[in-house]
Visitor: 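First, the structure itself, so that you have it in front of you.
Labels below follow one simple rule: chain letters A, B, ... track the order of the sequence lines, proteins then strands, and each chain is numbered from 1. Predicted model, so just to flag it, every value in this text is computed and none were measured.
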Amino acid sequence: MQTEISIPISQHFNWEECLWYLDRGYDDCIYKVYPEKVRRAFDINRVKMLVEISHRNGSLSIRWLVGEPIETDINYIQKFVSAWFDLDTDLTPFYRLLSSNPSLAYMTENYAGLRFVGMPDLFESLAWCIIGQQINLHFAYKIKRRLVENYGDFVEYENARYWIFPAPEKIKTLPITELRALQFSNKKAEYLIDVADAFVRNILNKEILSALPDFASRQKMLTAICGIGIWTANYVLMKSLKEPSCIPYGDAGLLNALINHKIIKLKGDSQSINEFFNMFSGWESYLVFYLWRTLSERKNESKD
DNA sequence: CTCCAGGTATTTT
DNA sequence: AAAATACATGGA
């Protein structure tokens, strides 16, 4: 018996645009994009499932391809998908702000309906940041895949493997040498294992972080951990905790996008960056996401 | 060979 | 407090 649920969608939503973002030219091992749908595997309390997400009749449909979920599983996945594609936000105020800026107004057309694509799992998000620090994205995705395929689990369906990000319990036990073999640097290996250890010891998790009183204290808790600087803290807070006002200072891609849009001339001009983002108060994270989006160009679609 | 990539910690001024 | 530097490694 196949389970299926549907989540209603508000306006300014374009599924095709979201899917394109997921499949924008990098090799992310944690989901698979197909025409008009995406599949992703989950491990909920050691029960593995595979779901397919598609857009039907004005709603987002989640269909279980593998696994028979109980009610709590369904709630979990529904929340996860809502967070993944930021289904609860009304983009109208953001688009109004974009429209008021001549060099950004085009985004409301070109990326119309693109939702902030999140990383709901905090450990995965932190691990991804540590992997991605100071290396190019293609290489980062390669390393992520090695990590996941070596230490993660998978669900098999129609001769394809759908990988699940390894749990902190697993990563925590790895000797540094094993991660070195996957081309982690010594530091990255140390940082990742330490973060995994913090999760296992319940010093850090999404609940603890969310329970802190404000943004500043969340940043502080994260940056207190070795290997997590201001960039990672902001990245994780926007991607995983949906903080609306994150600016991942120093981000190479963001700086390039700002230069491309002639918002800054030099990468060190933090004053201009702050002045620029001040105009988008409350939507900084979304704007950063859209600026990142500009770094991947959609090829001309050939339609006859 | 050089420079950069969705940085961070450490050391030196 | 701010600036320089070491770290690691693939790809252009």
Visitor: Given the rule that I, L, V, M, F, W and Y join up when any side-chain heavy atoms are under 4.5 Å apart, are Ile230(A) and Ile225(A) in one cluster?
Guide: no
Visitor: Please classify the nucleic acid contact of Arg24(A) as base, sugar-phosphate, or nothing, using heavy-atom distances under 4.0 Å.
Guide: base
Visitor: Round to a whole Å and report the spacing from CD of Glu190(A) to C1' of dA8(C).
Guide: 13 Å
Visitor: With no hydrogens and no angle check, is any side-chain donor or acceptor of Ser82(A) less than 3.5 Å from a backbone partner on Leu87(A)?
Guide: no
Visitor: Got a salt bridge between Glu190(A) and Arg180(A), using NZ or NE/NH1/NH2 to carboxylate O under 4.0 Å?
Guide: no
Visitor: Report the residue from Tyr21(A), Trp15(A), Phe13(A) that forms a ring pair (Phe, Tyr, Trp, His ring centres under 6.0 Å) with Phe85(A).
Guide: Trp15(A)
Visitor: Could you give the CG-to-C1' distance, from Leu182(A) to dT9(C), as a whole number of Å?
Guide: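 In whole Å, dT9(C) C1' lies 14 Å from Leu182(A) CG.
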Visitor: Short question: side chain of Lys172(A), backbone of Val195(A) - any donor-acceptor pair under 3.5 Å?
Guide: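 It does not hold such a pair.
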Visitor: Compile the donor-acceptor pairs under 3.5 Å between side chains in residues 69-80 of chain A and protein atoms, sequence neighbours left out, one pair per line.
Guide:
residue  : atom : partner  : partner atom : Å
Asp73(A) : OD2  : Ile70(A) : N            : 3.0

Visitor: Would you call Arg40(A) and Glu124(A) a salt bridge, taking side-chain N to carboxylate O under 4.0 Å as the test?
Guide: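 Yes, charged N to carboxylate O under 4.0 Å.
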Visitor: Trp84(A) versus Ile53(A): any side-chain heavy-atom pair under 4.5 Å?
Guide: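 Yes, side chains in contact.
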Visitor: My understanding is that only one of Lys48(A), Met49(A), Arg39(A) makes a side-chain contact (heavy atoms from CB on, under 4.5 Å) with Tyr162(A); could you say which?
Guide: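 Considering Lys48(A), Met49(A), Arg39(A), a side-chain contact (heavy atoms from CB on, under 4.5 Å) with Tyr162(A) is found only for Arg39(A).
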Visitor: Using a heavy-atom cut-off of under 4.0 Å over every strand shown, decide if Ile225(A) touches base, sugar-phosphate, or nothing.
Guide: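 The answer is sugar-phosphate, as Ile225(A) gets under 4.0 Å only of primed atoms, P, OP1 or OP2.
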Visitor: Can you tell me the distance, in whole Å, between the CG atom of Leu192(A) and the P atom of dT8(B)?
Guide: 15 Å
Visitor: Scan residues 280-294 of chain A for pairs that pass salt bridge (charged side-chain N to carboxylate O under 4.0 Å, His left out), counting only residues two or more places apart or in two chains.
Guide: Glu17(A)-Arg293(A)
Visitor: Within this structure, what is the CG-to-P distance between Asp194(A) and dA9(B), rounded to whole angstrom?
Guide: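 In whole Å, dA9(B) P lies 11 Å from Asp194(A) CG.
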Visitor: What's the NZ-P distance between Lys187(A) and dT9(C), to the nearest Å?
Guide: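 Interatomic distance, NZ of Lys187(A) to P of dT9(C): 13 Å.
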Visitor: Among residues 121-143 of chain A, which ones have heavy-atom contacts with DNA chain C below 4.0 Å?
Guide: Gln134(A), Asn136(A), Phe139(A), Lys142(A)
Visitor: Please determine whether a side-chain nitrogen of the Lys or Arg among Lys144(A) and Asp28(A) lies less than 4.0 Å from a carboxylate oxygen of the Asp or Glu.
Guide: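 Salt bridge: yes.
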Visitor: Any side-chain N or O of Arg180(A) less than 4.0 Å from the OP1 or OP2 oxygen of dA8(C)?
Guide: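 Negative; the distance criterion is not met.
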Visitor: Any residue in residues 261-285 of chain A with a heavy atom nearer than 4.0 angstrom to DNA chain C? Just list them by number, or reply none.
Guide: none
Visitor: Could you provide the dot-bracket string of DNA chain C, using ( ) for intrastrand pairs, [ ] for crossing pairs and | for bases paired to another strand, with Watson-Crick or G-U pairs below 3.5 Å?
Guide: |||||||.||||
Visitor: If each of Asn256(A) and Ile228(A) is mapped to the nucleotide of DNA chain B with the nearest heavy atom, which maps nearer the 5' terminus, i.e. the 5' end?
Guide: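 So the residue in question is Asn256(A).
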Visitor: With a non-hydrogen cut-off below 4.0 angstrom, is Ile230(A) in contact with a base, only sugar-phosphate, or nothing?
Guide: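 The residue Ile230(A) makes sugar-phosphate contact but no base contact.
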Visitor: Can you check the distance between dT11(B) and dA8(C), where both ends of the measurement are the P atom (answer in whole Å)?
Guide: 14 Å
Visitor: Could you state the atom-to-atom distance from NZ of Lys144(A) to P of dA5(B) in whole Å?
Guide: 21 Å
Visitor: Please identify each residue that fulfils salt bridge (charged side-chain N to carboxylate O under 4.0 Å, His left out) with Arg115(A), with sequence neighbours left out.
Guide: none
